[in-house]
Amino acid sequence: MSTTAVSAQKLAELDPVIEELGFPRDPDNLYLQTVSTMLQAADIIDLKHRVKIILAQPKNEIMVHFPVRMDDGHHRLFKGYRVQHNNALGPYKGGLRFHHNVHLDDVKSLAFLMTMKCSLVRVPFGGGKGGVKVNPREHSVTEMERVTRRFCSAIMNSIGPEYDIPAPDVGTTAQHMAWFADTYMMSNEGKDANTGLRVVTGKPVEFGGSLGREKATGQGVVDTLVELLPEVGLKVAGMKVSVLGFGNVGSWAARILQDMGAKVIAVADHTGAIRSDSGFDCHALAEHCRIEGGVKGFPGDTITTDEFYQTPVDVMVPAALEQMITSREAQMIKAKVIAEGANAPTTPAGDRILAERGIEVVPAILANAGGVTVSYFEWVQNKTSSYWDIEQVDRELNRHMVMAARRTVLARQKYGVDLRTAAYIAALEHIGKAYSVRGIFP
Ligand code: GLU
């Protein structure tokens, strides 16, 4: 694999846009890392300076504080974010994360990645992301419902079905989207109340959701792999897989890969790591996680996290959080291909080591774009008061994923870069064209 990976640190010294915008120089800062990687790709295609500075910062950063009544009667104050990165190609779009470690710079990075992702898979949306600093595991269902509804009300005037459309992310599910949409619709009652249904995607199928949305991100990971694996002489049937994080993305990718004949032999999450040389029953493991809250206790050999990374596999799917594969993990990994199910799971330092070791990385803006793609289908179905059957959803998703993968491979061939840089290039070329025809107001 060829690579032009340059360290974020080096870029921070070099890139005039980083200088011009006065970014903090902390090399561990996720926002600096993601924007530096984008600027590296932008330089290769000589993207206009004005587009670079626009994309290097979000348009709007919204921060709210709101009180919520706990079950015992006392109130707690929560901090929430909604970052609207870019809407040159369509309404802001991206998930809402409920996690105790949500910070503004992380939400900014994730919003930025949504802009890139939507552009790469050619869905007519921009990028956004939001979150609430809360540990859902510490709260009852009723408390989480009140957090969701009160957060919706706090940001309601800044979002909308044609302006900014949230969706599930880490710590949120279809149920949270149902509460969110209900709150929005009840607060905007009037002749056109049903338009409000489209304010979020990832809703339950019984309430405006799309068939295939729940598994969509995992399905997209698999569709991308099926398209790209032949390039490295691999095929899904019979291959060995490890999965980091067994939430929505990891568990669906694992279940679909298993159904296609792959063997998932190692899994790790926040509760522990397990291995089975004969391969796990991922359907049973997903059920175990639903009841127990994690992989711990599922039949298999208990291993350490380091042993998880060291397990020899064909494909590893990191589907947990950002920055999990640093230089340390990158040294240990024994995979031929890494398919990034999570957003930004690999740090630039980790990326460099993987490249040196010849490990192919399918970048997140490609590999995990299936979720937002089916979100777009859901939004279209709501807008046209129609329902697609699962065959139509899967077929259209596959078409978007395959085209995005081919665009990425073409950019790699044309510019002689790694897949991550190529995916950024394919996304940036599209946005760059939109800016050149639209111009910059006034
Ligand atoms: N949270 C998902 C992501 O990071 C989905 C976003 C969406 O459907 O809008 O891609």
Side-chain angles (χ1 to χ4, degrees), residues 58-85 91-108 110-111 114 127-190 192-204 206-209 213 247-248 293 321 371 375 378-379 382:
K59 279 206 173 174
N60 306 312
E61 299 171 20
I62 300 153
M63 259 193 260
V64 293
H65 294 96
F66 54 93
V68 175
R69 181 171 42 80
M70 299 290 100
D71 292 340
D72 66 4
H74 89 281
H75 283 78
R76 263 186 69 172
L77 195 72
F78 289 89
K79 191 182 191 78
Y81 304 90
R82 185 71 187 167
V83 172
Q84 297 166 332
H85 177 262
Y92 302 107
K93 185 84 190 83
L96 294 177
R97 173 173 296 200
F98 286 0
H99 194 266
H100 55 277
N101 233 343
V102 168
H103 297 287
L104 180 61
D105 269 2
D106 306 335
V107 183
K108 281 169 65 176
L110 296 163
M114 288 308 302
K129 198 71 146 207
V132 176
K133 198 168 163 51
V134 55
N135 184 351
R137 293 194 187 95
E138 284 174 3
H139 294 277
S140 65
V141 173
T142 48
E143 286 177 351
M144 287 318 296
E145 175 175 350
R146 288 195 291 274
V147 168
T148 307
R149 290 186 182 277
R150 188 64 205 246
F151 177 53
C152 173
S153 120
I155 62 167
M156 189 175 288
N157 291 330
S158 307
I159 59 169
E162 302 289 342
Y163 182 67
D164 182 2
I165 306 134
D169 196 79
V170 174
T172 52
T173 62
Q175 175 61 76
H176 298 89
M177 297 305 112
W179 291 325
F180 197 100
D182 180 67
T183 307
Y184 187 89
M185 291 164 83
M186 296 306 291
S187 313
N188 290 282
E189 260 190 320
D192 210 11
N194 221 41
T195 303
L197 188 63
R198 275 188 290 127
V199 73
V200 283
T201 57
K203 299 179 291 290
E206 303 76 23
F207 180 42
R213 174 61 185 86
N248 174 282
L321 291 170
S375 274
E378 176 176 332
W379 187 80
N382 294 163

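Quick note: residue numbers are just sequence positions, from 1.
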I would like to know whether Leu96 and Phe180 meet side-chain contact (heavy atoms from CB on, under 4.5 Å); could you show each step before the answer?
CA-CA 11 Å; Leu96 294 177; Phe180 197 100; 3.6 Å; yes

Trace of the side-chain contact (heavy atoms from CB on, under 4.5 Å) decision for Val132 with Val102:
CA-CA 7 Å; Val132 176; Val102 168; over 6 Å; no

Run the numbers on Phe207 and Leu197 for side-chain contact (heavy atoms from CB on, under 4.5 Å), then give the verdict.
CA-CA 8 Å; Phe207 180 42; Leu197 188 63; 3.5 Å; yes

Go through it in stages, so that I can follow the logic: the residues are Val199 and Ile159, the test is side-chain contact (heavy atoms from CB on, under 4.5 Å), and I'd like the CA-CA distance, side-chain angles, deciding distance and then a yes or no.
CA-CA 8 Å; Val199 73; Ile159 59 169; 3.9 Å; yes

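Residue pairs meeting the salt bridge (Lys or Arg N to Asp or Glu O under 4.0 Å) criterion with at least one partner in residues 133-142, sequence neighbours excluded, are absent. Applying the salt bridge (Lys or Arg N to Asp or Glu O under 4.0 Å) rule to pairs touching residues 65-81 yields Asp71-Arg146, sequence neighbours excluded. Here salt bridge (Lys or Arg N to Asp or Glu O under 4.0 Å) pairs that include residues 173-182, with residues two or more places apart or in two chains, are Arg149-Asp182.
Looking at every heavy atom in both residues, Met177 comes nearest to Thr201 through CG-O, 3.4 Å. Listed here is the closest heavy atom pair of Pro67 and Leu77: N-CD1, 3.6 Å. For Val83 against Pro58, the heavy-atom pair with the smallest separation is CG1-CB, 3.5 Å. Residues Ala181 and Val200 come closest through the heavy atom pair CB-CG2, 3.8 Å. Contact detail for Gly95 and Arg82: the closest heavy-atom pair is O-NH1, 3.2 Å. Of all non-hydrogen atoms in Pro161 and Ile165, the two that sit nearest each other are O-CD1, 3.5 Å.
Listed by chain and number, the residues in a ring pair (Phe, Tyr, Trp, His ring centres under 6.0 Å) with Tyr163 are Tyr92 (sequence neighbours excluded). Under the side-chain contact (heavy atoms from CB on, under 4.5 Å) criterion, Ala174 pairs with Pro204, sequence neighbours left out. Partners of Arg198 by salt bridge (charged side-chain N to carboxylate O under 4.0 Å, His left out), not counting sequence neighbours, listed by chain and number: Glu162. Judged as a side-chain hydrogen bond (donor to acceptor under 3.5 Å, both in side chains), and not counting sequence neighbours, Asn248 has no contacts. Under the rule for a side-chain hydrogen bond (donor to acceptor under 3.5 Å, both in side chains), the partners of Glu378 that lie at least two apart in sequence or sit in another chain are Lys203. Applying the side-chain hydrogen bond (donor to acceptor under 3.5 Å, both in side chains) test to His103 and every residue at least two apart in sequence or in another chain returns Asn101. For Glu61, the salt bridge (charged side-chain N to carboxylate O under 4.0 Å, His left out) test picks out Lys108, with sequence neighbours left out. With sequence neighbours left out, Glu143 forms a salt bridge (charged side-chain N to carboxylate O under 4.0 Å, His left out) with no residue at all. Judged as a salt bridge (charged side-chain N to carboxylate O under 4.0 Å, His left out), and not counting sequence neighbours, the contacts of Arg97 are Asp169, Glu322.
When atom types are taken as modelled, the side chain of His139 and the backbone of Pro136 share no donor-acceptor pair closer than 3.5 angstrom. The backbone N or O of Ser158 lies less than 3.5 Å from a partner atom in the side chain of Gln84, making a donor-acceptor pair. Within the 3.5 Å criterion, the main-chain N or O of Tyr184 finds a donor-acceptor partner in the side chain of Asn188. With hydrogens and angles ignored, the 3.5 Å screen pairs a side-chain donor or acceptor of Asn382 with a backbone N or O of Gly208.
In this structure, Phe151 has its ring center under 6.0 Å from that of Phe66. Between Phe78 and His65, the distance from one ring center to the other does not fall under 6.0 angstrom.
We find the OH-CG distance between Tyr81 and Asp105 to be 9.5 Å, quoted to the nearest 0.5 Å. How far CE of Met114 is from NZ of Lys93: 6.5 Å, rounded to the nearest 0.5 Å. For the atom pair CG of Asp106 and NE2 of His99, the computed distance is 10.0 Å after rounding to the nearest 0.5 Å. Note that CE of Met70 and OG1 of Thr142 are 9.0 Å apart. Values are rounded to the nearest 0.5 Å. Interatomic distance, NZ of Lys129 versus NE2 of His85, reported as 13.0 Å (0.5 Å rounding).
Between Met156 and Ser187 the shortest side-chain heavy-atom distance falls below 4.5 Å.
A donor and an acceptor atom, one from each side chain of Ser375 and Arg213, are located under 3.5 Å apart.
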